[in-house]
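Notes for the one structure printed next.
When a ligand or atom number is given, it counts from 1 through the structure's own listing order. Just so we're clear, the structure is a prediction, and the values are computed from it rather than from any experiment.
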Amino acid sequence: MQTELRKVKKLNIVIVENFDQMSEHAANMLRNQILTKPDSVLGLATGSTPLGVYRLLAEYHEMGLDFSEITTFNLDEYIGLAADHPASYRYYMEENLFSKVNAAKKNIHIPNGMAPDLEKECERYELSIQNAGGIDIQILGIGTNGHIGFNEPGTEFGTTTHVVDLTESTINDNARFFESRDDVPTQAISMGIKSIMKARNIVLMANGESKADAIVQAVKGPVTTDLPASVLQLHPSVTFVVDKAAASKL
Ligand code: F6R
């Protein structure tokens, strides 16, 4: 596998050829984490970017990788979608990972977008991350507008798990997962920037040309709330795993 390593500020940047190599690199980081610490706490993302990682983790499980002591926390969930809605993140996680590995149900955490009191749900979620001892390794994708989780441009860096209004750009980007654009929820619960920054290690993945602008700004631009992923420049242990197209402006 041909990779190119660059160190910009404190960021490790791994540039690979394509989606498959990106997935393999990130999946290996997760596998190493699980092998080193079988009761690791994993921070997980949804969307198109981590699909290859989950496919590989399922394969590694078939080959013996044990998830029985693993705890997981997902970054986010839409508000108003029930767990059995095919576009809900709980459904996505069940389909793509949890039905294929032996993680214990009680150790799987996803914000409840149907909670009657959303503020309480945010507090409960943040507290459960703390009670689990914090996240060992957090997987992130990146929005074309630079969001991480659903922390849209303008989100304060001090935010913990919170209710967010999705931007037009995110609604448009995610409309592909729904029958029509009008079906995309306009709000979500998301871990905040501070919640994400508390993770001991972070792996941000990106592939495709549509992410090139967000990647160059996240890595080389100023640290600004206008581009939420730029905050990662301040984290002590971040790896960007990006394919050539997403790295094309670096
Ligand atoms: C998903 C999430 C989002 C996505 C981002 C990229 O849980 O938090 O930040 O990672 O929107 O989405 P894809 O991978 O579909 O391009």
Side-chain angles (χ1 to χ4, degrees), residues 18-20 22-23 26-27 42-55 72-79 81 85-98 108-113 122 125 129 135 137-155 159-178 181 184-197 199 202-215 217-218 227-232 238-243 245-247:
N18 53 33
F19 178 83
D20 287 344
M22 174 194 78
S23 305
L42 310 181
L44 301 177
T46 58
S48 308
T49 312
L51 283 172
V53 171
Y54 297 147
R55 259 196 302 275
T72 65
F73 285 92
N74 265 79
L75 282 167
D76 40 23
E77 177 62 286
Y78 289 114
I79 288 175
L81 295 193
H85 190 293
S88 78
Y89 287 168
R90 184 166 284 273
Y91 189 95
Y92 168 108
M93 289 308 302
E94 199 51 43
E95 278 284 296
N96 293 300
L97 184 67
F98 298 141
I108 291 171
H109 305 271
I110 300 176
N112 177 8
C122 293
Y125 199 71
I129 300 174
I135 291 169
I137 188 164
Q138 174 69 55
I139 293 294
L140 296 175
I142 185 168
T144 53
N145 64 1
H147 74 209
I148 47 176
F150 271 139
N151 296 289
E152 300 284 27
T155 307
T159 44
T160 54
T161 302
H162 61 141
V163 171
V164 299
D165 293 324
L166 302 178
T167 59
E168 287 297 304
S169 130
T170 297
I171 292 172
N172 289 336
D173 284 351
N174 289 2
R176 67 189 191 279
F177 297 111
F178 293 82
R181 187 189 177 283
V184 186
T186 55
Q187 287 190 308
I189 295 182
S190 178
M191 278 188 206
I193 302 271
K194 190 171 169 189
S195 336
I196 292 171
M197 289 294 278
I202 296 180
V203 181
L204 184 144
M205 292 182 287
N207 68 289
E209 222 183 303
S210 67
K211 301 292 173 72
D213 280 321
I215 288 296
Q217 288 181 58
L227 200 291
S230 65
V231 74
L232 299 175
V238 179
T239 305
F240 277 67
V241 186
V242 289
D243 77 349

Ring pair (Phe, Tyr, Trp, His ring centres under 6.0 Å), that's the test. Do Phe178 and Tyr78 meet it? Break it down for me.
CA-CA 12 Å; Phe178 293 82; Tyr78 289 114; 5.5 Å; yes
With atoms numbered from 1 as shown, which atoms in ligand 1 lie under 4.0 angstrom from a non-hydrogen atom of [X]?
X: Ser48; answer: 13 (P), 14 (O), 15 (O)
X: Leu75; answer: 8 (O)
X: Gly47; answer: 14 (O), 15 (O)
X: Lys211; answer: 6 (C), 13 (P), 16 (O)

Starting from [atom], which protein heavy atom do you reach first, and at what distance in Å?
atom: atom 10 (O) of ligand 1; value: Gly141 CA, 3.3 Å
atom: atom 11 (O) of ligand 1; value: His147 NE2, 2.7 Å
atom: atom 3 (C) of ligand 1; value: Gly149 O, 3.5 Å
atom: atom 14 (O) of ligand 1; value: Thr49 OG1, 2.4 Å

Hey, is [X] touching ligand 1 through its side chain, its backbone, both or neither, going by heavy atoms under 4.0 Å?
X: Asp76; value: side chain
X: Ile142; value: backbone
X: Arg176; value: side chain
X: Thr46; value: both

Side chain of [X], backbone of [Y]: donor and acceptor closer than 3.5 Å?
X: Asp243; Y: Gly208; result: yes
X: Gln138; Y: Ala199; result: no
X: Tyr125; Y: His109; result: yes
X: Asn151; Y: Met191; result: yes
X: Glu77; Y: Arg90; result: yes
X: Tyr92; Y: Gly47; result: yes

With Phe150, the side-chain contact (heavy atoms from CB on, under 4.5 Å) member among Thr155, Leu166, Asp165, Leu75:
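Exactly one option meets the side-chain contact (heavy atoms from CB on, under 4.5 Å) with Phe150, and it is Leu166.
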